[in-house]
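Read the structure below first, then the notes.
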Protein chains: 2
Amino acid sequence: MVMVRKAHHIKELTKRQKEVLDFIREMVESRGLPPTIREIGEKFKIASTNGVRAILTALGKKGYIRRQPLVSRGIELVKKTTFDFGQRRAYVAVPLVGKIAAGLPTLAVENIEGSIAVDKSFLPGGDVFSLRVVGDSMKDSGIFDGDYVLARMQSTAEKGDIVVAVIGEEATVKTYIPQKNRVRLEPANPAFQPIVVDTRFSDFRIAGKVIGLLRRM
Amino acid sequence: MVMVRKAHHIKELTKRQKEVLDFIREMVESRGLPPTIREIGEKFKIASTNGVRAILTALGKKGYIRRQPLVSRGIELVKKTTFDFGQRRAYVAVPLVGKIAAGLPTLAVENIEGSIAVDKSFLPGGDVFSLRVVGDSMKDSGIFDGDYVLARMQSTAEKGDIVVAVIGEEATVKTYIPQKNRVRLEPANPAFQPIVVDTRFSDFRIAGKVIGLLRRM
DNA sequence: GATTGTAGTGAACGGATGAGCAGTAAAAAA
DNA sequence: TTTTTTACTGCTCATCCGTTCACTACAATC
């Protein structure tokens with residue numbers, strides 16, 4: 001192998017190492033799983049697992065991968081491909097929900113219309129979904145018609161939380177105020193009336209708590 | 001949770017199935033690897049691999065996962081709540097500006113405090129920056145204290161546009177209303193007074209037009 | 001009442017897999 | 001020149017892991 005003289009930075013990869021690294025990336029992207037040592041060997045016609053091992057060890061030393069010992073497929077990609085600023089995913093693709101199906105505790109796929117990339121710093125833990133707001137009933141809380149609210153999936157809420165509530169087939173965004181055997185859903189606009197539902201008889205549930213908002217202007 | 005009678009869709013998950021599915025998601029996100037059957041069993045104190053198998057088979061039938069036979073950790077999440085592959089970069093890193101330096105037509109790097117990932121669909125063409133709003137002067141336009149506005153860099157605006165205006169060292173978000181030799185910057189809150197600047201003598205410029213908004217709640 | 005789906009126990013089979021040792025060869029670096 | 005790094009072959013070992021069979025138990029549906 002003809003090696004051209006290179007400036008010796010510790011982070012430099014050899015041709016072989018880069019090939020293997022690219023293959024790992026490819027596998028992770030296409031299959032969702034890193035390859036096993038033997039799968040790498042097969043791909044590059046390396047007969048011995050120890051041959052691959054040497055390359056992986058080198059990649060580990062140079063900081064491109066992290067290995068989880070004794071774990072099958074335990075290869076973690078550390079540095080991302082071309083310019084990702086070195087950071088870990090700065091965003092998460094949040095599903096955009098169209099209809100919120102009644103009764104389902106989770107999001108039915110049929111109702112996911114798309115996704116919106118949202119900066120991680122805007123997200124708490126847990127599953128987050130987004131919903132397009134229709135109507136001006138929460139105008140005084142700064143939630144306008146056409147806005148997208150971000151909501152964390154949860155089935156309970158505290159008094160005063162702004163929630164995504166589902167009544168029958170309808171999803172609404174309102175302020176949650178629990179009362180005995182009833183729930184009061186308060187709008188933030190004097191032109192609208194509060195909704196009061198009897199929790200004993202009504203098909204009512206909380207889909208999530210509103211934790212953020214996106215607006216196009 | 002009291003379960004109301006449900007329409008029996010094939011996609012319904014049992015509590016156990018959802019638990020396992022959530023665990024798999026958790027593992028994929030935190031470790032980058034799906035768990036093995038035995039790892040799942042360990043987590044849920046299921047002694048037999050066959051117990052886990054039954055659950056995985058059910059999840060497979062219902063379309064939540066896809067299994068790669070004979071492959072370790074060969075569990076692929078089909079319906080994802082949070083995920084990021086599929087499309088190529090659906091987002092753009094928008095610079096978050098701290099101070100807007102006077103007189104500079106472009107953003108000085110020194111003043112960039114960070115960046116926020118924003119979905120491409122929220123962005124028009126051109127250079128976009130974001131700015132944290134201080135104060136409630138635009139409350140009635142749904143722009144609250146602490147919100148982040150997205151603005152496209154431009155030095156002119158039309159009557160009625162909400163703009164990021166710079167007067168001296170101060171940056172403000174207001175509605176732009178041009179008048180002869182003067183500019184009126186109108187707040188959207190009766191508690192605040194409009195700002196009128198004389199364009200002939202004042203150190204005034206438009207930094208950009210507000211085209212979006214992000215809020216953490 | 002019979003069937004189906006769910007949720008397991010327990011044991012066993014065989015291939016998959018990571019780790020490790022001994023040794024080779026060539027290129028690059030010190 | 002000597003040493004280190006890279007890139008392997010070939011082999012062994014213990015364990016990991018998915019698969020499968022037999023069987024139990026419960027609940028809901030048909």
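Values below: all heavy atoms of this structure, side chains included; hydrogens, waters and symmetry mates excluded. In what follows, every chain begins at residue 1, and chains take the letters A, B, ... in the order their sequences are listed.
How far OG1 of B:Thr49 is from CZ of B:Arg53: 8.0 Å, rounded to the nearest 0.5 Å. Going from atom NZ of A:Lys159 over to atom CG of A:Asp161 covers 11.5 Å, rounded to the nearest 0.5 Å.
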Side-chain polar contacts of residues 209-216 of chain A - donor-acceptor pairs under 3.5 angstrom, sequence neighbours left out - could you list them?
{"from": "A:Arg215", "atom 1": "NE", "to": "A:Asp147", "atom 2": "OD1", "distance (Å)": "2.9"}
{"from": "A:Arg215", "atom 1": "NE", "to": "A:Asp147", "atom 2": "OD2", "distance (Å)": "3.1"}
{"from": "A:Arg215", "atom 1": "NH1", "to": "B:Ser141", "atom 2": "O", "distance (Å)": "3.2"}
{"from": "A:Arg215", "atom 1": "NH1", "to": "B:Gly142", "atom 2": "O", "distance (Å)": "2.9"}
{"from": "A:Arg215", "atom 1": "NH2", "to": "A:Gly142", "atom 2": "O", "distance (Å)": "2.9"}
{"from": "A:Arg215", "atom 1": "NH2", "to": "A:Asp147", "atom 2": "OD2", "distance (Å)": "3.0"}
{"from": "A:Arg215", "atom 1": "NH2", "to": "B:Gly142", "atom 2": "O", "distance (Å)": "3.2"}
{"from": "A:Arg216", "atom 1": "NH1", "to": "B:Ser121", "atom 2": "O", "distance (Å)": "2.5"}
{"from": "A:Arg216", "atom 1": "NH1", "to": "B:Ser121", "atom 2": "OG", "distance (Å)": "3.1"}
{"from": "A:Arg216", "atom 1": "NH2", "to": "A:Tyr148", "atom 2": "OH", "distance (Å)": "3.0"}

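Contact annotation: B:Gln17 does not reach the phosphate of C:dG5 (side-chain N/O to OP1 or OP2, under 4.0 Å). Look at A:Thr14 and you'll find a side-chain N or O under 4.0 angstrom from OP1 or OP2 of D:dA7.
When rounded to the nearest whole Å, the span between NZ of B:Lys15 and P of C:dG8 equals 11 Å. Rounding to whole angstrom units, CD1 of residue A:Ile40 and P of D:dA7 are separated by 13 Å. As a whole-Å value, the separation of B:Ile55 CD1 from D:dG18 C1' is 16 Å. Taking atom CZ of residue B:Arg53 and atom P of nucleotide D:dC23, one finds them 18 Å apart after rounding to whole Å. What separates NZ of B:Lys18 from C1' of C:dA7 is a distance of 18 Å, to the nearest Å. Per the geometry, CD1 belonging to B:Ile46 stands 17 Å off P belonging to C:dA11, to the nearest Å. The nearest whole Å value for the distance from the CG atom in A:Leu59 to the C1' atom in D:dT5 is 14 Å. Distance B:Leu33 CG to C:dT17 P: 13 Å, rounded to the nearest Å.
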Contact string for nucleotides 11-17 of chain D, one letter per nucleotide 5' to 3', B = base within protein heavy-atom range under 4.0 Å, S = sugar-phosphate only, - = neither, reads B-----B
Please assess A:Asp145 against A:Val134 for the test side chain to side chain contact (heavy atoms under 4.5 Å, CB included), listing each intermediate value before the final yes or no.
CA-CA 5 Å; A:Asp145 185 48; A:Val134 179; 4.2 Å; yes
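Toward the 5' end of DNA chain D, the nearer of the two residues B:Arg67 and A:Ala58, judged by each one's closest nucleotide, is A:Ala58.
Contact annotation: the side chain of A:Leu56 approaches that of A:Ile24 to within less than 4.5 Å [non-hydrogen atoms, C-beta and beyond].
Formation of a donor-acceptor pair under 3.5 Å by the A:Asn189 side chain with backbone atoms of A:Asp136 is found in this model.
Shown here are the ring pair (Phe, Tyr, Trp, His ring centres under 6.0 Å) partners of A:Phe192, two or more places apart in sequence or in another chain: there are none.
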